[in-house]
Amino acid sequence: MAVKNFKQPELVDEVIGLDEKRRQTQNLLDTVSSQANAAARQIGELMRTGKKDEAEAIKANTGKWKEESKQLGEQLAALEAELQDKLVLLPNLPHSSVPKGITPEENEVVLENGSIPELPANALPHWELAAKYNLIDFELGVKITGAGFPVYKNKGAKLQRALINFFIDEAEKAGYSEVSVPLMVNAASGFGTGQLPDKEGQMYYVGVDDLYLIPTAEVPITNLYRDVILKADELPVKNCGHTPCFRREAGSYGAHVRGLNRLHQFDKVEIVQVVHPDKSYEVLEGMSAHVQSLLQKLGLRYRVLRLCGGDMSFGSALTYDMETWSAAQQRWLEVSSVSNFETFQSNRLKLRFRNAEGKTQLAHTLNGSALALPRIVATLLENNQTDKGIKIPEALVPYTKFEWID
RNA sequence: GGAGAGGUGUCUGAGUGGUCGAAAGAGCACGCCUGGAAAGUGUGUAUACGCCAAAAGUGUAUCGAGGGUUCGAAUCCCUCCCUCUCCGCCA
């Protein structure tokens with residue numbers, strides 16, 4: 001947890017102490033309940049055989065037990081609630097390969113791939129290209145909703161659909177079966193995947209109906225398996241799905257979030273797996289490879305980062321970020337994040353499987369973006385700009401049905 | 001949103017105050033039977049937490065959720081959630 005830069009080590013001792021107390025209390029309560037149950041059975045027996053007097057005699061004792069068990073029950077509930085409250089504040093333990101560090105600069109570059117695009121001398125950033133070719137209207141989005149909600153038009157809109165379909169098809173080829181899920185979830189789902197309570201302020205919340213707009217398809221898709229006990233042969237579960245994602249991104253403004261770099265609403269294809277604990281790191285590499293294959297097919301220069309403890313999300317044990325090189329902005333843009341949550345989510349979800357001994361055991365959950373659209377669009381536009389217009393990558397042409405944006 | 005009906009184990013479905021963690025059937029698992037299978041037949045078949053080094057065992061809780069009545073609740077009462085039928089609205 002020190003690797004993860006966790007600030008409250010004393011919380012761990014508190015949790016251990018609370019659990020100790022919880023067990024003691026349950027023990028007491030069980031004993032009292034046991035006595036009361038025995039007495040109730042005895043009374044039943046006596047009543048049936050007509051020995052009313054004896055029954056009445058035993059009844060006299062029950063008041064005491066009732067009082068005691070009520071008190072103990074309340075204590076136990078309070079302890080469990082307190083324990084739970086503290087427990088959900090503990091982040092996941094990082095995998096041993098996670099580098100120490102606090103800032104994104106301390107992330108480890110695992111590999112870089114692809115060629116550096118050669119741009120014409122007058123190369124433009126994507127927000128200017130979007131205006132030049134009439135692909136995206138940011139101002140119109142501001143009018144009808146607000147900043148960070150762009151309106152895609154013409155070939156810009158078609159490019160969205162093309163990318164979504166391309167990503168879904170690729171995911172299905174890789175064995176993921178598609179699901180189409182609700183865009184709003186209840187609080188229980190938010191807790192299940194760890195967005196609550198950690199990221200409460202980052203989600204849009206619909207108060208009248210007590211629902212949250214999903215920040216990622218990870219939430220509804222993974223929660224499909226909440227309170228589920230899978231058979232061993234049902235693993236691995238592989239799902240993919242496209243959804244819009246909604247993020248408040250409270251407090252982030254400025255030049256580095258211009259254009260498509262950071263949005264309140266964007267489209268994403270997500271891949272999710274539920275796997276046997278022995279397989280999860282192997283699967284994580286596989287998911288990383290899948291995401292990389294997409295970037296390769298789109299002809300984008302990218303790099304893979306192993307996130308350092310401080311930059312990793314609350315629930316993750318190991319995260320790879322994929323970034324594409326934006327030639328016109330001269331910077332790397334994060335387009336995917338694939339993580340192994342080990343049992344962090346499954347513990348909250350009560351997502352288990354029956355192991356070889358026939359016992360229930362927590363499964364491991366993983367997910368990753370494959371891929372998020374806006375920054376892919378940004379780098380595609382920027383890196384593929386020519387004097388004649390913007391060239392669509394070959395792999396995408398069957399989906400766009402056009403080769404050039406001009 | 002209005003009126004009514006209902007929520008029981010993997011499923012169907014009994015169960016209106018004690019002997020009910022819950023009949024029966026199906027499914028599933030294992031065994032017998034068989035050349036092999038089907039049929040037949042026998043046994044088993046929830047989850048969580050606690051005690052125990054662990055297995056075995058055992059205690060407690062759970063019949064949509066929470067609370068109440070009672071010595072004792074699947075069963076009675078209250079609140080909430082959900083499902084179904086009819087009406088309303090509607091892509």
Side-chain angles (χ1 to χ4, degrees), chain A residues 14-88 90 144 180-192 196 205-213 220 223-235 237 243-244 274 277 343-363:
Chain A
E14 277 181 51
V15 164
I16 293 169
L18 275 171
D19 186 55
E20 178 65 26
K21 261 189 6 204
R22 190 200 102 246
R23 277 184 287 135
Q24 281 171 8
T25 311
Q26 184 179 338
N27 219 328
L28 281 172
L29 175 62
D30 284 358
T31 311
V32 174
S33 306
S34 175
Q35 284 171 346
N37 286 344
R41 265 194 298 274
Q42 219 177 335
I43 291 168
E45 183 63 31
L46 291 169
M47 295 294 253
R48 209 170 319 107
T49 50
K51 297 175 186 164
K52 261 204 155 168
D53 298 344
E54 288 180 48
E56 288 302 324
I58 298 171
K59 265 195 201 182
N61 282 318
T62 59
K64 182 185 73 181
W65 290 328
K66 219 179 158 181
E67 190 52 38
E68 266 182 76
S69 70
K70 194 178 175 187
Q71 268 185 25
L72 286 167
E74 281 167 11
Q75 273 178 38
L76 186 64
L79 281 167
E80 279 174 350
E82 194 183 348
L83 185 63
Q84 189 60 23
D85 285 351
K86 299 237 154 114
L87 222 42
V88 297
L90 294 176
I144 61 167
S180 180
V181 290
L183 307 183
M184 291 192 228
V185 293
N186 55 29
S189 294
F191 275 103
L196 292 173
Y205 174 62
V206 184
V208 271
D209 291 306
D210 196 21
L211 295 171
Y212 296 85
L213 271 69
N223 271 282
L224 257 22
Y225 304 97
R226 171 150 51 85
D227 291 322
V228 167
I229 300 174
L230 293 160
K231 298 196 185 83
D233 63 11
E234 291 177 302
L235 297 176
V237 170
T243 68
V274 179
T343 58
F344 181 86
Q345 292 181 332
S346 58
N347 188 33
R348 293 164 185 237
L349 293 160
K350 302 281 172 278
L351 196 189
R352 292 156 292 172
F353 70 99
R354 214 167 282 284
N355 63 22
E357 289 87 55
K359 296 211 166 173
T360 59
Q361 186 181 345
L362 292 172

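The sequence lines fix the lettering, A, B, ..., with proteins before strands; numbering per chain opens at 1. Note that the coordinates shown come from a computational prediction; the quantities given were computed from them, not determined experimentally.
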Report task. Please check the phosphate of B:G59 (OP1 and OP2 only) for any side-chain N or O of A:N37 closer than 4.0 Å. Result ->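 False: A:N37 side-chain N/O out of range (4.0 Å or more) of B:G59 OP1/OP2.
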Query raised in the report: When you check the phosphate oxygens OP1 and OP2 of B:G27, does a side-chain N or O of A:K231 lie under 4.0 Å from one of them?
Result: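 Answer no for this pair, as no side-chain N or O of A:K231 is under 4.0 Å from OP1 or OP2.
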If the [atom1] atom of [N] is compared with that of [M], how far apart are they to the nearest Å?
N: B:G9; M: B:A61; atom1: C1'; result: 16 Å
N: B:G64; M: B:U83; atom1: P; result: 16 Å
N: B:G57; M: B:G66; atom1: C1'; result: 34 Å
N: B:A74; M: B:G7; atom1: P; result: 15 Å
N: B:G68; M: B:A14; atom1: C1'; result: 28 Å

Report task. Can you sort out the partners of A:E56 under salt bridge (charged side-chain N to carboxylate O under 4.0 Å, His left out), two or more places apart, ordered by chain and number? Result ->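 Only A:K59 meet the salt bridge (charged side-chain N to carboxylate O under 4.0 Å, His left out) criterion with A:E56.
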Could you state the [atom1]-[atom2] distance from [X] to [N], rounded to the nearest angstrom?
X: A:W65; N: B:G72; atom1: CH2; atom2: C1'; result: 12 Å
X: A:K66; N: B:U69; atom1: NZ; atom2: P; result: 6 Å
X: A:K350; N: B:U62; atom1: NZ; atom2: P; result: 19 Å
X: A:K70; N: B:U70; atom1: NZ; atom2: C1'; result: 14 Å
X: A:E56; N: B:U70; atom1: CD; atom2: P; result: 14 Å

Requested in this report: Name all residues meeting the side-chain contact (heavy atoms from CB on, under 4.5 Å) criterion together with A:K350; count only those two or more places apart in sequence or in a different chain, and write none if there are none.
Outcome: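 Partners of A:K350 under the side-chain contact (heavy atoms from CB on, under 4.5 Å) test: A:D227, A:N347, A:R352.
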Query raised in the report: Who pairs with A:K64 by side-chain contact (heavy atoms from CB on, under 4.5 Å), at least two apart in sequence or on another chain?
Result: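 Listed in chain order: A:E68.
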Query raised in the report: Base, sugar-phosphate, or nothing for A:K64, non-hydrogen atoms under 4.0 angstrom?
Result: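 No contact.
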When you compare the protein's N or O atoms with those of nucleotides 88-91 of chain B, which come within less than 3.5 Å of each other, and at what distance?
none

Would you list the protein and nucleotides 8-11 of chain B atom pairs, both N or O, that sit under 3.5 Å from each other?
none

Requested in this report: Check for a donor-acceptor pair, side chain of A:N355 on one end and backbone N or O of A:Q361 on the other, with a separation under 3.5 Å.
Outcome: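 Checked: no pair found.
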Could you list the protein-to-nucleotides 44-47 of chain B atom pairs, N/O on both sides, closer than 3.5 Å?
residue : atom : partner : partner atom : Å
B:U47   : OP1  : A:R354  : NH1          : 2.7
B:U47   : OP1  : A:R354  : NH2          : 2.6
B:U47   : O3'  : A:R352  : NH1          : 3.0

Pick out the pairs of N or O atoms, protein on one side and nucleotides 17-23 of chain B on the other, that lie under 3.5 Å.
residue : atom : partner : partner atom : Å
B:G18   : N2   : A:A40   : O            : 2.9

**Report entry** Any pair counted as side chain to side chain donor-acceptor pair (under 3.5 Å), so long as it reaches residues 75-85 of chain A, sequence neighbours left out
**Finding:**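 Residue pairs passing side chain to side chain donor-acceptor pair (under 3.5 Å), neighbours aside: none found.
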Query - Shortest non-hydrogen separation from A:L18 to A:L83 and the atoms involved - result: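 What the structure gives for the nearest pair is CB-CD1, 3.7 Å.
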Query raised in the report: Taking the side chain as C-beta and beyond, is there a heavy-atom pair between A:L362 and A:L349 under 4.5 Å?
Result: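 They are not in contact (no side-chain heavy atoms under 4.5 Å apart), so the answer is no.
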Query - Strand-adjacent residues in residues 17-36 of chain A, judged by heavy atoms under 4.0 Å from RNA chain B - result: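 Hits under 4.0 Å, by residue number: A:R22, A:R23, A:Q26, A:N27, A:D30, A:S33, A:S34.
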Query raised in the report: Which parts of residues 72-85 of chain A get close to RNA chain B, meaning a heavy atom less than 4.0 angstrom away?
Result: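 Output list: empty, so none.
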Could you give the side-chain donor-acceptor pairs of residues 28-41 of chain A under 3.5 Å, partners two or more places apart or in another chain?
residue : atom : partner : partner atom : Å
A:D30   : OD2  : A:Q26   : NE2          : 3.4
A:T31   : OG1  : A:N27   : O            : 2.8
A:S33   : OG   : A:L29   : O            : 2.8
A:Q35   : OE1  : A:W65   : NE1          : 2.9
A:N37   : ND2  : A:S33   : O            : 3.4

Query - Polar contact flag, side-chain donor to acceptor under 3.5 angstrom, A:N186-A:Y212 - result: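 Not at all, the side chains of A:N186 and A:Y212 share no donor-acceptor pair under 3.5 Å.
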Query - Pairing residues for A:Y225 by the ring-ring contact (aromatic ring centres under 6.0 Å, His included) criterion, not counting sequence neighbours - result: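 A:Y225: no ring-ring contact (aromatic ring centres under 6.0 Å, His included) contacts found.
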